[in-house]
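Right, one structure below, let's go through it.
From a predicted model like this one, the values you see are computed outputs, not experimental measurements. In what follows, residues are counted from 1 in the order of the sequence shown.
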Amino acid sequence: MTTVTLGHPDSILHEAAAAAVVRVLEAYELEVDYVTGNRAELSARMAAGDIDLFVSAWLPDVDADWDAPALGMEAFGLLYKPSFGWALPTGAAGHITSIADLPGDDGGVGRNIVTPASVLERVRHCVAMYGLTECGFTIEARPDEEAFQHAVRAIEADEAAILPLWQPHFLHHGGRLRLLDDPRAALGNDQQARMLLRRAARDELDSDLLDELDELTLGNKVVSALDYAMRCEGMSADEAAEAWQRGKLLPR
């Protein structure tokens, strides 16, 4: 095999992680063809055998349908560990360290929770688990990008705003957010970002390459930095991945 067809979800974060994987493929002198699209399109392409390597599926829950044997793919490797959490800007409401502290708060924390629409159900579940509606908290769902810009403004102003976000994420880069504890485990399980390999491709790819991919660990901090570099510093996915590979993406 001289060309690998690599699929990834259509988002900046997934594009960034895929570019880091591509650095490994290119070291083995493989050409890469990219496939992206919406969820249904990617599932159909995998089922048709049109994707050799997919970066990545969040397992076991978020992307459980992509781990289905019917797609002809097998999960391997562990690139990073996605985790959903509620955060506050580091300089705001220092007395609040846990979601369980919110019902007894004297009003220092904003009562309106602006949430990305993609995580609305997770936020609703958490609000219900902690009885926050009865304490005056409300939920305002916005398109994801609008919610992210709201979070940017809150971070810049050190506003005591609850920010529901997955990590890795560009907003987690730079240490300007602190996560709240979740003693009731209302936010759901941590995930594993795993690659999916077309089963038939295992016999076509170099075993040393597969071993190297299987051992490749990016981590949440690196993926957050890649996401930030693309969104906020104008880098392409390839430029961000090269900066990471050269040790220039994160402070030493």
Side-chain angles (χ1 to χ4, degrees), residues 4-28 30 32-37 39 42-43 45-46 51-68 71-85 118-119 165-173 179 187-199 201-202 205-231 235-250:
V4 172
T5 303
L6 184 143
H8 66 79
D10 188 13
S11 76
I12 292 174
L13 185 141
H14 285 291
E15 182 184 1
V21 171
V22 167
R23 305 296 292 184
V24 179
L25 298 176
E26 291 177 340
Y28 283 78
L30 291 168
V32 178
D33 288 338
Y34 292 91
V35 173
T36 189
R39 192 170 198 88
L42 289 169
S43 296
R45 295 293 295 272
M46 281 190 269
I51 294 176
D52 299 316
L53 184 66
F54 186 79
V55 183
S56 60
W58 289 9
L59 303 173
D61 303 321
V62 174
D63 295 324
D65 54 325
W66 278 340
D67 197 27
L71 296 178
M73 310 291 283
E74 60 180 61
F76 80 115
L78 177 55
L79 295 174
Y80 55 97
K81 296 180 179 180
S83 175
F84 181 66
S118 62
V119 295
L165 296 166
W166 280 99
Q167 65 165 320
H169 195 279
F170 79 97
L171 289 169
H172 282 284
H173 179 65
L179 291 171
L187 297 176
N189 299 323
D190 290 353
Q191 303 294 295
Q192 295 185 340
R194 307 196 67 195
M195 289 170 284
L196 301 180
L197 178 68
R198 183 170 60 85
R199 288 197 185 96
R202 179 169 286 281
L205 291 169
D206 186 287
S207 60
D208 289 340
L209 166 63
L210 293 176
D211 288 343
E212 189 167 341
L213 289 174
D214 196 32
E215 296 171 1
L216 177 63
T217 300
L218 301 176
N220 289 1
K221 184 176 289 188
V222 166
V223 179
S224 294
L226 290 166
D227 192 27
Y228 184 89
M230 292 180 64
R231 284 179 171 272
M235 292 189 192
S236 68
D238 288 341
E239 290 169 341
E242 181 178 1
W244 160 70
Q245 193 174 48
R246 294 178 179 275
K248 298 180 179 180
L249 196 65
L250 292 167

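A side chain to side chain donor-acceptor pair (under 3.5 Å) with Glu74 is found for one member of Arg202, Arg198, Arg199 and no other, namely Arg202. Shown are Asp33, Leu6, Leu42; of these, the side-chain contact (heavy atoms from CB on, under 4.5 Å) with Ile51 is made only by Leu42.
Nearest heavy-atom pair, Ala19 versus Ala237, reported as atom, atom and distance to 0.1 Å: CB-O, 3.5 Å. Listed here is the closest heavy atom pair of Pro168 and Pro82: CD-CA, 4.1 Å. Smallest separation of non-hydrogen atoms from Gly77 and Met195: CA-CE, 4.3 Å. In this structure, Ala20 and Leu226 approach most closely via the heavy-atom pair CB-CD1, 4.4 Å.
Legend: side chain to side chain donor-acceptor pair (under 3.5 Å) pairs involving residues 208-222, not counting sequence neighbours, sorted by first then second residue: Tyr28-Glu212.
Residues Met73 and Trp66 are not in side-chain contact: their nearest non-hydrogen atoms beyond the backbone lie 4.5 Å or more apart. At least one side-chain heavy atom of Leu205 sits under 4.5 Å from a side-chain heavy atom of Leu197. Looking at heavy atoms from C-beta onward, Leu53 lies in side-chain contact with Phe76 at the 4.5 angstrom threshold. With contacts defined as side-chain heavy-atom distances shorter than 4.5 Å, the pair Gln191/Pro60 qualifies. Put simply, the side chain of Asp227 does not reach to within 4.5 Å of the side chain of Leu171, judged on heavy atoms. The shortest side-chain heavy-atom distance between Asp65 and Arg39 falls under the 4.5 Å cut-off. With a 4.5 Å cut-off on side-chain heavy atoms, Trp166 and Val62 count as touching. Using a 4.5 Å heavy-atom cutoff, the side chains of Pro9 and Trp58 are not in contact.
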Could you pull out all donor-acceptor pairs under 3.5 Å where a side-chain atom in residues 10-18 meets a protein atom, sequence neighbours excluded?
{"from": "Ser11", "atom 1": "OG", "to": "His14", "atom 2": "N", "distance (Å)": "3.2"}

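Between the OH atom in Tyr80 and the CG atom in Asp190 there is a gap of 13.0 Å [rounded to 0.5 Å]. One distance of note links CG of Leu71 with CG of Leu196; it measures 8.0 Å at 0.5 Å rounding. The line from NZ of Lys81 to CD of Gln192 is 6.5 Å long, rounded to the nearest 0.5 Å. Taken from OG in Ser56 to NE2 in His8, the straight-line distance is 11.0 Å, to the nearest 0.5 Å. The line from CG of Leu25 to CG of Asp206 is 11.5 Å long, rounded to the nearest 0.5 Å.
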- What's the verdict on side chain to side chain contact (heavy atoms under 4.5 Å, CB included) for Leu209 and Leu30, showing C-alpha distance, side-chain angles and the deciding distance? CA-CA 10 Å; Leu209 166 63; Leu30 291 168; 3.5 Å; yes
- Message: Set out, in order, the CA-CA distance, both residues' side-chain angles and the distance that settles salt bridge (charged side-chain N to carboxylate O under 4.0 Å, His left out) for Arg194 and Asp67, then state yes or no.
- Response: CA-CA 10 Å; Arg194 307 196 67 195; Asp67 197 27; over 6 Å; no
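Glu242 pairs by the salt bridge (Lys or Arg N to Asp or Glu O under 4.0 Å) definition with Arg246, not counting sequence neighbours.
Relative ring orientation between His173 and Tyr228 is described as tilted, the plane-to-plane angle lying within the 30° to 60° band.
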